[in-house]
Amino acid sequence: MNQASTTKSGIVLQKRGLAFYTKIYFKIIVQDIKSKMSYRADFIISTIGMIATNIAGFIAFLIMFGKFPSINGWSYYEILFLYGFSLISITPTQCLLDNNWSLRRYVYDGDFVKYCFRPINLWFYYISEVFDVKGFSQLFFGIGTLIYAWVKLGLPVTVLMVVELLVALVTASLFMMALQNAAAASCFWIQNSFWLLDISLKMKDYAKYPVTIFNDVFKFIFTFILPVAFMAYYPSLAILRPDEVPVLTWLSPVLGIAAFYGSYKLWMKGASKYDGSGS
């Protein structure tokens, strides 16, 4: 794929607005879900597996933190809040960007070329082809966990708090999507790039905990190199500890948008250099 085709794709994106892409996205998703539901046994088994994974993770959390009233100044229910928060915020990445896991195979097999000849945005076309509906099981589990922790912490339920929560969740989701997007895009330059994508998935496990429980080296890495601290900790401080909100919390929405946009541009930059020859 050459630069001219990428430019053309960008022009098309500008001409066709959000309404067009929303409409076509839902049409593609409906077809994807229909195809998945035609193999119901596989869908049911994989969904049960997802639920079992979440339950196992929750049990591990209880075993690890249940016997301690607080860890480095963080109470059990505050950490439980972060746990539920992170499960919710990773759902968009799992549901919307699941096709990124196949990007490396498409690129090296030469099959990615089929996405390069459609008069719509290339990233949108590729990503919208797959929707992982199983991610909703994680979403519901996270919502239940967050509500339970919210009640136990005695947090007020106001319009402002709900808005802050929604902004915080969207912000955290943008960072998670940005990390996965960038990791997936590495396959355009690095042949054995799967380990980067695998690391991006594992990073979500560290997002469940307050960054203050780590030493200074990991605090720096998780804040300024790998944005793990922005996947739950910083965005949620406005709700959990409104009297101790640092500057990075207020900057989180802007930084999240910038991170996601940067990962999108990186993905498109790699796609523009794709020549369709495979590996």
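In this chain, numbering begins with 1 at the start of the sequence shown.
Counting only N and O atoms by type, the side chains of Asn121 and Tyr264 include a donor and acceptor under 3.5 Å apart.
Contact check for Leu266 versus Asn181: no side-chain heavy atoms found under the 4.5 Å cut-off. Within the 4.5 Å cutoff, the side chain of Leu174 has no heavy atoms near those of the Phe230 side chain. Residues Met161 and Ile239 form a side-chain contact, since some pair of their non-hydrogen atoms from C-beta on lies under 4.5 Å apart. Within the 4.5 Å cutoff, the side chain of Lys202 has no heavy atoms near those of the Ile199 side chain. Using a 4.5 Å heavy-atom cutoff, the side chains of Pro210 and Ile79 are in contact. Considering only heavy atoms from C-beta on, Thr145 stays 4.5 Å or farther from Phe85 through its side chain. With contacts defined as side-chain heavy-atom distances shorter than 4.5 Å, the pair Met176/Ser89 qualifies. Looking at heavy atoms from C-beta onward, Leu103 lies in side-chain contact with Trp267 at the 4.5 angstrom threshold.
Linking Ile, Leu, Val, Met, Phe, Trp and Tyr residues whenever their side-chain heavy atoms come within less than 4.5 Å leaves Ile190 and Leu197 in two separate clusters. The hydrophobic cluster containing Ile221 also contains Leu196, counting ILVMFWY residues as joined when their side-chain heavy atoms lie under 4.5 angstrom apart, directly or transitively.
To the nearest 0.5 Å, the span separating CG on Leu237 from OG1 on Thr249 amounts to 4.5 Å. Phe141 contributes atom CZ, which lies 12.5 Å from atom CG of Leu146 (distance to the nearest 0.5 angstrom). A distance of 7.5 Å separates OG1 in Thr171 from CD1 in Ile257, rounded to the nearest 0.5 Å. Distance check, rounded to the nearest 0.5 Å: CD of Gln180 to CH2 of Trp101 gives 6.5 Å.
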Between Asp132 and Leu97, is the side chain to side chain contact (heavy atoms under 4.5 Å, CB included) condition met? List the steps. CA-CA 8 Å; Asp132 187 8; Leu97 304 187; over 6 Å; no
Apply side chain to side chain contact (heavy atoms under 4.5 Å, CB included) to residues Leu179 and Met231 and explain how you reach the verdict. CA-CA 10 Å; Leu179 185 61; Met231 296 177 183; 3.4 Å; yes
Walk me through it: do Ile90 and Ser173 pass the test side chain to side chain contact (heavy atoms under 4.5 Å, CB included)? CA-CA 6 Å; Ile90 199 176; Ser173 296; over 6 Å; no
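A salt bridge links Lys219 with Asp216; the closest basic N to acidic carboxylate O contact falls under 4.0 Å. Under the 4.0 Å criterion applied to side-chain N and carboxylate O atoms, Asp205 and Lys208 are assigned as salt-bridge partners.
Between the side chain of Asn215 and the main chain of Val217, a donor-acceptor pair closer than 3.5 Å is present. A donor-acceptor pair under 3.5 Å links the side-chain atoms of Glu78 to the main chain of Ser75, judged by distance alone.
Note on ring orientation: taking the six-membered ring where Trp is involved, the planes of Phe222 and Tyr206 are tilted (angle from 30° to 60°). Taking the six-membered ring for Trp and thresholds of 30 and 60 degrees, Tyr126 and Tyr106 have ring planes more than 60 degrees apart, a perpendicular arrangement. Using cut-offs of 30° and 60° for the angle between ring planes, the Phe214 and Tyr209 rings count as perpendicular. Ring pair Phe131/Phe136 is tilted by interplanar angle, where 30° to 60° counts as tilted.
For an aromatic pair to be called close, the ring centres must be under 6.0 Å apart, and Trp74 with Tyr233 satisfies this.
Enclosure of atom CH2 in Trp189 by more than 12 non-hydrogen atoms of other residues, nucleotides or ligands within 6.0 angstrom is indicated.
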